[in-house]
Amino acid sequence: MWRRDALGLLEEFEGLEVVVVGDVILDGYLKGRTERLCREAPVPVVALTGEADAPGGAANAAANLAALGARVTLLSVVGEDDAAGALRRCLDAAGVPSHGLVVDRGRATPAKRRLMADGQMLARIDQGTTSAPDGEAQRAVAERLEGAYSRCAAVVVSDYACGVVSAGVARMLARLRAEEGRARPVLAVDAKRPDAHASLAPTLAKPNFEEAVALLERAGEHVSARPGRRAAALAPLAPVLLARTGAEAVERLERAGEHVSARPGHRAAALAPLAPVLLARTGAEAVVVTLDSEGALLLQRDGAVLELPPVAVDHAHPSGAGDTFLAAATLSCAAGGDVSSAARLAGAAAGVAVRKPGTAPCTAEELRDALAGSEKYEPDPARLAARLAAERERGRRVVFTNGCFDILHGGHIAYLDQARRLGDVLVVGVNTDESVCRIKGPSRPVNPLPERVHVLSALSSVDAVVPFGEDTADALLAELRPDVFAKGGDYLAETVPEAAVAHALGIELVILPLVDDRSTSGLIERIVDSSRKEGRP
C-alpha cells in the first residue's frame with residue numbers, strides 16, 4: 001500500500017523549489033587494477049585505468065534533488081582552484097546551476113579522492129579548507145539565502161563541518177524562520193553536529209549512527225545504578241560505551257552479568273529507547289538515524305518508532321547514499337507526505353543509489369521503477385549496457401541468457417540458477433508478446449510481458465531483465481557485450497541462432513543441461529489433457 005502512495009507522492013516532486021546551503025565537496029575516484037605488491041612496502045601496486053569526479057557533500061544533495069525533479073538553488077563557498085572548476089563541471093552535468101557558489105580566493109575547495117582497485121577502495125585522501133570562509137563570503141551566502149527563501153518549498157542544511165554554515169548563515173536562517181506571517185518551508189538538517197542547529201526546529205534531522213552516538217555523549221546521559229536496573233539502564237547506552245571506551249568495556253560489563261545489545265544488527269534496538277534525547281537535542285519534529293547496512297531508524301515526537309530495513313544488494317556502494325536518502329525524504333515532506341511515508345520512500349531511493357558504483361544519484365525514473373517493484377527491469381538496452389560496463393569495471397563477470405519464460409516452472413528456476421553460477425551478474429532477455437506469438441504460435445504467450453517480467457524479477461538469481469522484440473537476441477548481445485552467453489540443453493552449440501554473433505564478439509557460449517520433462521509447452525499440454533479428462537470444454 002505505501003508503495004502506491006509513494007508513487008503518487010513522487011509525481012509531485014517535479015518543479016519543487018529547494019535551497020541547499022552547506023559544504024560542497026569534490027568526490028574524486030582514481031580507478032585501476034592491481035595484480036602485485038610493491039617492493040618498497042607491503043602495499044598493492046595500482047595500474048591506473050581512469051579517473052572520475054562527482055559532486056559530494058551539499059553538491060551531492062543538490063544533484064540528488066535535481067535528479068528527482070526539483071529545481072535547486074545551491075549556496076556554498078569554493079576556492080579559486082582546479083577542484084572548484086571540476087565541481088562546477090560536475091554540477092553542470094547534474095543539472096544544478098553553479099552560480100550560487102561564492103568564491104573565496106583564500107580557500108581551498110574541499111575534495112575527497114578515493115583510490116579504487118578492482119572496485120575496492122584502498123585509500124582516501126582528503127584536502128581543502130575546513131574553517132569558516134572570510135566575512136565577505138559569509139555575507140554573500142546569507143544574502144543569497146534570504147533572496148531564495150521566500151520562493152522555496154524546502155531548505156536543506158548540509159553541514160559537513162567545513163565552515164560554510166557559519167554563525168552568520170545560521171543567524172539568517174533563524175531570522176527567516178522566525179518571521180511572522182512567512183510560510184515556513186520544510187527544513188532538513190544533515191550535519192556532523194545535528195544539535196548545533198536545534199534552534200531552527202527542523203522538520204527532519206538525519207544523523208548517521210556515529211553522529212547520533214556523539215550527540216548522546218554530549219548530552220551526558222546518566223546511567224542508573226540502582227540494584228536490579230543496571231542492565232536496563234546500560235543497554236540503551238551501549239553505543240556511547242562502544243564509542244567512548246571500545247569493545248573491551250562491553251566485554252567487562254558482560255562478564256559482570258550485564259547484557260549490552262548495541263552490536264551490529266542491534267543498533268536500532270539500542271537507540272530506540274533514547275528517542276526523546278535525540279529529538280530534544282536536535283530540536284527536530286522527526287529524526288532518522290541511518291544505519292548503513294542495517295537500514296535506518298525513524299523516531300517521531302508522538303513516540304512512534306519505525307525501523308526501515310536495508311535493501312538487499314550485493315557489493316553495496318554507500319558513498320553518498322545518505323544524501324540520496326535526505327533528498328528523497330525532503331521532497332516527500334515538501335510534497336505533503338507524512339514523515340513515515342517520506343522515510344520509506346527515501347529508503348527505496350537510497351537502495352537505488354547503493355547499487356551504483358561511486359557517488360551517484362537516484363533519478364525519478366529509477367525510483368519509480370524501484371517503488372513499482374521492477375528495479376531489475378530495464379527496457380532500454382543502452383542504459384543497461386552502461387550499468388553492465390560499470391559492473392565489469394568492478395571485475396564482475398556478466399552472464400546473459402534469453403527466452404520467452406511464458407509459464408515459469410521448476411526447470412526454468414534450475415536453469416537460471418545454473419546460469420547465475422557461471423558469473424556474478426545474470427541478465428535475462430525476455431521476448432516481447434509479439435515475438436512470442438511469432439515463435440510459439442497465436443495462442444501464446446499465456447502470460448503478457450509485464451507478468452513475465454514481474455515473476456523473473458522476483459528470482460534472486462536474476463539481476464536484470466530486458467525485453468527484445470526480434471526473433472533472436474543478436475542485437476542485445478551486440479549492445480550488452482556479456483562475458484558469457486548461456487543457452488539450454490535443447491540446443492547444440494552449432495544450432496544456437498546467436499552463435500555466430502557470440503563468436504564474433506568473443507562471448508563464451510555455454511550450453512546448460514535441461515531438467516528432464518520440464519517445458520512450458522509440455523505443461524500446457526498436461527493442463528489441456530487434465531481439463532479434457534474432467535470434461536471441461
Side-chain angles (χ1 to χ4, degrees), residues 17-28 53-68 70-79 83-84 86-104 107-112 126-133 137-138 140-142 144-145 148-149 152 154-166 168-170 172-173 185-194 196-197 200 202 204-208 211 290 319-331 353 359-362:
E17 299 249 5
V18 183
V19 174
V20 179
V21 57
D23 302 301
V24 292
I25 299 169
L26 178 67
D27 276 350
D53 293 325
N60 188 43
N64 273 277
L65 287 160
L68 290 170
R71 296 175 61 184
V72 184
T73 299
L74 174 61
L75 304 177
S76 190
V77 181
V78 294
L87 188 55
R88 289 183 190 275
R89 290 191 290 274
C90 290
L91 290 171
D92 288 343
V96 177
S98 59
H99 53 69
L101 300 182
V102 176
V103 175
D104 177 352
R107 188 174 184 82
T109 305
K112 296 179 180 178
D126 290 6
Q127 297 172 297
T129 304
T130 56
S131 57
Q138 291 184 42
V141 173
R144 294 180 188 195
L145 175 59
Y149 187 86
C152 72
V155 176
V156 173
V157 174
S158 187
D159 184 359
Y160 280 71
C162 294
V164 170
V165 189
S166 60
V169 171
M172 173 59 75
L173 187 52
V186 168
L187 175 62
V189 170
D190 183 9
K192 292 289 185 185
R193 291 193 56 155
H197 305 288
L200 299 175
L204 181 69
K206 191 208 70 62
N208 60 29
E211 290 159 354
T290 51
S319 179
D323 295 320
T324 304
F325 188 101
L326 187 68
T330 300
L331 289 176
T359 304
C362 167

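Nothing fancy with the numbering, it's 1 onward along the sequence.
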**Q.** Option passing side-chain hydrogen bond (donor to acceptor under 3.5 Å, both in side chains) with Asp159 (candidates His197, Lys192, Arg193)
**A.** His197

Q. Just wondering, do Tyr160 and Thr130 contact through their side chains at under 4.5 Å, heavy atoms?
A. no

Q: Measure the shortest side-chain to side-chain distance between Ser98 and Asp92 over non-hydrogen atoms and say whether it is less than 4.5 angstrom.
A: yes

Mind listing the closest non-hydrogen atom pair of [X] and [Y] along with its distance?
X: Asn64; Y: Pro361; value: OD1-CA, 3.1 Å
X: Gly79; Y: Ala84; value: O-CB, 3.3 Å
X: Ala148; Y: Val19; value: CB-CG2, 3.6 Å
X: Ser76; Y: Val164; value: OG-CG2, 3.8 Å
X: Cys152; Y: Pro185; value: O-CB, 3.7 Å
X: Gly22; Y: Ala58; value: C-CB, 3.8 Å

Distance from [X] atom [atom1] to [Y] atom [atom2], nearest 0.5 Å?
X: Leu87; Y: Ile25; atom1: CG; atom2: CD1; value: 9.5 Å
X: Thr109; Y: Leu26; atom1: OG1; atom2: CG; value: 8.5 Å
X: Thr73; Y: Leu145; atom1: OG1; atom2: CG; value: 10.0 Å
X: Leu204; Y: Phe325; atom1: CG; atom2: CZ; value: 7.5 Å
X: Gln138; Y: Met172; atom1: CD; atom2: CE; value: 12.0 Å
X: Leu200; Y: Leu187; atom1: CG; atom2: CG; value: 6.0 Å

Say whether, by atom type as modelled, one donor and one acceptor occur between the side chain of [X] and the main chain of [Y] under 3.5 angstrom.
X: Arg144; Y: Leu74; answer: no
X: Ser158; Y: Asp190; answer: no
X: Asp23; Y: Cys162; answer: yes
X: Thr129; Y: Ala108; answer: yes

Q) Going through the distances and angles, do Val102 and Arg107 end up as a side chain to side chain contact (heavy atoms under 4.5 Å, CB included)? A) CA-CA 11 Å; Val102 176; Arg107 188 174 184 82; over 6 Å; no

Q | Stepwise side chain to side chain contact (heavy atoms under 4.5 Å, CB included) check, Val21 with Val169 | A | CA-CA 9 Å; Val21 57; Val169 171; 4.0 Å; yes

Q | Steps toward side chain to side chain contact (heavy atoms under 4.5 Å, CB included) verdict (Leu91, Leu101) | A | CA-CA 11 Å; Leu91 290 171; Leu101 300 182; 3.8 Å; yes

Q. What residues, two or more places apart in sequence or in another chain, satisfy salt bridge (Lys or Arg N to Asp or Glu O under 4.0 Å) together with Arg88?
A. none

